[in-house]
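A short worksheet on the structure shown next.
Every number for a ligand or one of its atoms is a count from 1 in the order of the listing. What you see below is based on every heavy atom in this structure, not just the backbone, and it leaves out hydrogens, waters and symmetry mates.
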Amino acid sequence: MADKSDASLSFGRKAARPAGDERRREQRSTAFLKSFFSLLQAVKIHQNNNRALIGGAEKFIALARRLHESDDALVLRFHNKRIYLQESKLIYRRETIGLFDRLYDYFTKRGIVALRFHTGEAEFTVDAVIGLARLLNLAEQRPSPQGWLSERLDDPVFQSIRLVLRTDDARKQSRSQQGLRAYAYVLKSAEEIARKLSGDHPAGIGKTRRMIQNMVDLIIEDDPLFQALSTIRFYVDYTYAHSVNVAILAMCVGKRIGLSKRSLESLGICGLLHDLGKIEVPLDILNKPGKLTPGEYEEIKKHSMNSTRLIVKIRASRKHLSEILVAPFEHHLKYDLSGYPQTNRKKPVSLFGRILTISDVYDAITTPRVYRGTTLSPDEALGYMLQGSGKDFDPILLKVFINMLGVYPVGTLLELDTRELGLVTVPPEDLPEKSTPVDETRPWIVLLKKKQKNGMVKEKIVSLSSQDPQTGKYLRNIVKSFNPHEFGIQPTEIIF
Ligand SMILES: [Fe+2]
Ligand SMILES: [Fe+2]
């Protein structure tokens, strides 16, 4: 039920009516919600080919498009007993309160936090809208409506509709699954763009933006989960996994400094496309073991300029393009304007550019590569980057980055004085040691045991803050940290 104590209610009183545009928008919003409600009722009694049902779906589509002012999606959100359209809170009036309450209850019962309609997409059709209404009705009888809905909505028919589902502690499992799925989709769309552009085929950004938007929603809810996901490393497809990791890390930083959702999306796309230009660098140079010749290094250096040139070819609105062009161009420019490409500029590197540089270097130096003898462990990498604070990296953003990842970032492999090995993990949701003060230098770890043949199996999760009740001494202490990939350990396989 809606919060009836809210000041914006107008029972018995004449509330000040907004004039002109605002009033019109309010009427349109109400008409849209009414048509959504009617559609949900109509699918219960009609077949898909029924004229009245098709007419209702067409009306819903038309109303959604009228509310859709920019080229972004139309977002309907349910939060704290109120309904929001495009992030503006709907006013409850005497004549609409019944409808709004029923819709609020309807969607929250199904664990839906928000719906996003990409009304400009060709896939936003009568079939998709009727299909959605049917699924929403059916979801109520499922034991886990969220999981059931998210699987069904993976169908390409629903490409233009995205749901944001509520995730709570009991559904942590499904949240990690959602995270892994979001990772895979974003990776695939980065590959697709690169493939199309390298073959000189037109590439759009709509699908990628939708995937990134989905990721932004998940990151807003649970960024430690995504920091853990950013430890994924694919050796075959290094560039794409690296691009997704950079996008995730950059968006997590963006969230911490309070960027808007829209900015987070653009920042994510910048991360995803920053190394696009590498598709034009010969593979034998890109993967050359050992030192590059000056000529080869010059070839590599072209990639940030090439990324920008390829991004220009993407079919997107001017506004979107302008938001994603600059940072990929700048991602090898350092905070003191050294680095490349050199243009004799005096202008400081853009905010997105400075965030990308930090995320890019961190992911690169923690990833084993053929041309690098050693790979730093995540905590060593942060220590190394700190030496470049104020010169290579924006000192404030670097501080945000280090605070975000912690002294021992998730995915760091630790050797303990008990001769055990442990992998730093996300703290459990139901902390058994709640009274223990949070000590950054004593993270939660998954203990690992060597398998008989090769590989590791996971044992229990313990906190390095645990003490012996008799002596007060810590049960386990860190001896040394390692990069898990040096031991062939893929952290995400252990953590998820
Ligand atoms: Fe790069
Ligand atoms: Fe990169």
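Note: Phe107 and Phe78 have parallel aromatic rings, judged against thresholds of 30 and 60 degrees for the angle between ring planes.
Protein atoms of type N, O or S found under 2.8 Å from the Fe ion (ligand 2) total 4.
With respect to Arg162 and Asp217, no salt bridge is recorded, no charged nitrogen being found less than 4.0 Å from a carboxylate O. For the pair Glu298 and Lys301, the salt-bridge criterion is met [side-chain N within less than 4.0 Å of a carboxylate O].
Side-chain polar atoms of Ser350 and Glu330 form a donor-acceptor pair below 3.5 angstrom. At a cut-off of 3.5 Å, with distance as the only test, a side-chain donor of Arg442 or Asn477 sits close to an acceptor on the other residue.
For the pairing with Leu423, the side-chain contact (heavy atoms from CB on, under 4.5 Å) check across Ile495, Ile445, Ile461 returns one residue only, Ile495.
Around the Fe ion (ligand 1), the angle linking His332 (NE2) with His303 (NE2) is 90°, rounded to 10 degrees.
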